[in-house]
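For reference, the structure is listed below as structure tokens.
Heavy-atom basis, side chains included; hydrogens, waters and symmetry copies ignored. Labels below follow one simple rule: chain letters A, B, ... track the order of the sequence lines, proteins then strands, and each chain is numbered from 1.
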Amino acid sequence: MKIAVKIFGRYKDITGKETIQLDIMDGNTLQDVVNAFVKQYPAAEKDKSRMMVTKNNMFASFDTTVAKEDEITLAPPVVSGG
Amino acid sequence: MEIDRYRRQILVKEIGQKGQKLLASKHAILIGGGGLGSNSANLLIRMGIESIDIIDYDTIDKTNLHRTAVFSEQDVGKSKALVLQERLQSVNTDVQVKGINKKVTSKNIKSLVQLADVIIDGTDNIPLRLLINETAIKHKIPWVYAGVYETVGMVMAILPKKTACFQCITPNIPDSKTQEIPVLGSLPATIAAIQCNETIKVLLGKQPAGLLIYDVWNQYFDILDVKRNPCCPICGKK
């Protein structure tokens with residue numbers, strides 16, 4: 001199935017878009033969404049394990065399952081420098 | 001409080017005389033006095049809070065100088081907290097500025113922050129932010145996260161049990177590695193200004209904006225409206 005994913009920060013620069021379509025399987029998790037994103041946009045590979053992912057406006061762990069109607073967003077990892 | 005020095009700020013309808021007086025009754029605790037923290041403290045003191053404790057156990061390094069206007073070459077090797085106290089006290093003698101040269105730990109954090117109306121994040125690592133978050137939520141003290149990396153900064157004001165907390169937004173953070181973080185010199189001042197604005201809003205009882213992400217190189221400014229996670233181990237209902 002195709003899902004719409006809203007993206008933030010430098011990912012807009014990487015993709016040239018604010019929303020992208022990703023192909024995932026029914027019952028897939030947010031980890032699969034991240035994997036599909038990184039496969040399509042390898043420049044985001046370094047963020048793969050730390051990406052901020054929300055499902056229906058709530059940050060969620062990578063093992064959370066995804067349905068077609070869910071609102072998914074991807075943002076670069078939390079930054080920690082001071 | 002000498003009200004006239006804030007005349008131009010009082011003209012801002014979001015502040016007004018009432019807001020200015022309210023600010024002058026608020027005590028802030030800043031943890032971390034480096035690139036972000038020094039700039040945030042500078043702004044908050046100029047804007048007229050009542051008092052601020054600046055906590056940092058580190059000394060000023062020459063590599064700090066590219067990202068803050070508060071320190072100079074003569075300060076290298078001196079305590080960040082004590083230099084900030086001296087430098088910023090002279091900016092506004094109405095504000096009580098106290099530098100505390102101490103490392104924040106799980107054992108002393110409660111005693112350091114318990115009188116705060118707000119905690120301001122000037123730290124440079126995730127574990128300390130998680131400790132601040134846990135303490136702030138437990139003792140119902142608002143705090144304002146800010147961080148920088150390369151050309152990107154993030155800010156989020158956290159109201160205990162009302163907004164998402166720091167743990168809510170970091171479910172996918174692996175063990176942190178100690179490494180030197182790349183930072184564009186102009187970034188901390190920019191992000192500190194945003195952090196200061198969110199701090200002032202919190203102190204005036206206004207609703208914070210959510211998670212703010214600003215890429216100063218590509219000029220992307222995003223706001224993520226984040227809900228609390230009911231399963232969050234720190235602020236959730238369980």
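Using a distance-only test at 3.5 Å, with no hydrogens or angles considered, a donor-acceptor pair links the side chain of B:Arg67 to the main chain of A:Gly82. Of the possible polar contacts, one joining the B:Asp222 side chain to the A:Gly9 backbone as a donor-acceptor pair under 3.5 Å is found.
Of all heavy-atom pairs between B:Ile213 and A:Met52, the closest is CD1-CE, 4.3 Å. Scanning all heavy atoms of the two residues, the minimum distance from A:Asn56 to B:Lys227 falls at O-NZ, 3.8 Å. Contact record, B:Tyr149 with A:Val79: CB-CG1, 3.3 Å, taken as the closest heavy-atom pair. The minimum heavy-atom distance between A:Met58 and B:Arg228, with the atom names listed, is CE-O, 3.4 Å.
With a 4.5 Å cut-off on non-hydrogen atoms, B:Tyr214 does not touch chain A at all. Only the backbone of A:Ala60 comes within less than 4.5 Å of a heavy atom in chain B; its side chain stays farther off. Contact annotation for B:Leu187: neither backbone nor side-chain heavy atoms come within less than 4.5 Å of a heavy atom of chain A. With a 4.5 angstrom heavy-atom cutoff, A:Thr54 touches chain B only via side-chain atoms.
Counting heavy atoms of neighbouring residues, nucleotides and ligands inside a 6.0 Å radius, atom CD of A:Glu18 does not exceed 12 of them. The environment of CD in B:Gln219 is crowded: more than 12 heavy-atom neighbours from other residues, nucleotides or ligands sit within 6.0 Å. Heavy-atom neighbours of A:Lys6 NZ from other residues, nucleotides or ligands within 6.0 Å: at or below the threshold of 12. No more than 12 heavy atoms of other residues, nucleotides or ligands lie within 6.0 Å of CD in A:Glu71, so this atom counts as exposed by the packing criterion. Heavy atoms of other residues, nucleotides or ligands lying less than 6.0 angstrom from NZ of B:Lys161 number more than 12. Open room surrounds CD on B:Glu134; 12 or fewer heavy atoms of other groups in view lie less than 6.0 Å from it. Under a cut-off of 6.0 angstrom, the local environment of CZ in A:Phe62 is crowded, with over 12 non-hydrogen atoms contributed by other residues, nucleotides or ligands.
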Notebook entry, point to check: Passes side chain to side chain contact (heavy atoms under 4.5 Å, CB included), B:Thr170 versus A:Phe59? Steps please.
Noted result: CA-CA 8 Å; B:Thr170 52; A:Phe59 281 89; over 6 Å; no

Margin query: Does B:Ile169 form a side chain to side chain contact (heavy atoms under 4.5 Å, CB included) with A:Val78? I'd like the steps, not just the answer.
Written below: CA-CA 8 Å; B:Ile169 70 165; A:Val78 159; 4.0 Å; yes

Notebook entry, point to check: B:Trp217 and A:Asp13: side chain to side chain contact (heavy atoms under 4.5 Å, CB included), yes or no, with the steps?
Noted result: CA-CA 11 Å; B:Trp217 195 263; A:Asp13 200 39; over 6 Å; no

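Note on A:Ala75, A:Pro77, A:Pro76, A:Gly81: by heavy-atom pairs under 4.5 Å with chain B, the leading option is A:Gly81. Between chain A and the options B:Gly122, B:Pro188, B:Cys168, the largest number of non-hydrogen pairs under 4.5 Å is found for B:Cys168.
The distance from the NZ atom of A:Lys55 to the CG atom of B:Asn229 is 11.5 Å, given to the nearest 0.5 Å. Between the CG atom in B:Leu211 and the CZ atom in A:Phe8 there is a gap of 9.0 Å [rounded to 0.5 Å].
Checked against A:Ser80 for a side-chain contact (heavy atoms from CB on, under 4.5 Å), the options B:Ile181, B:Asn125, B:Leu128, B:Val148 give a single hit: B:Ile181.
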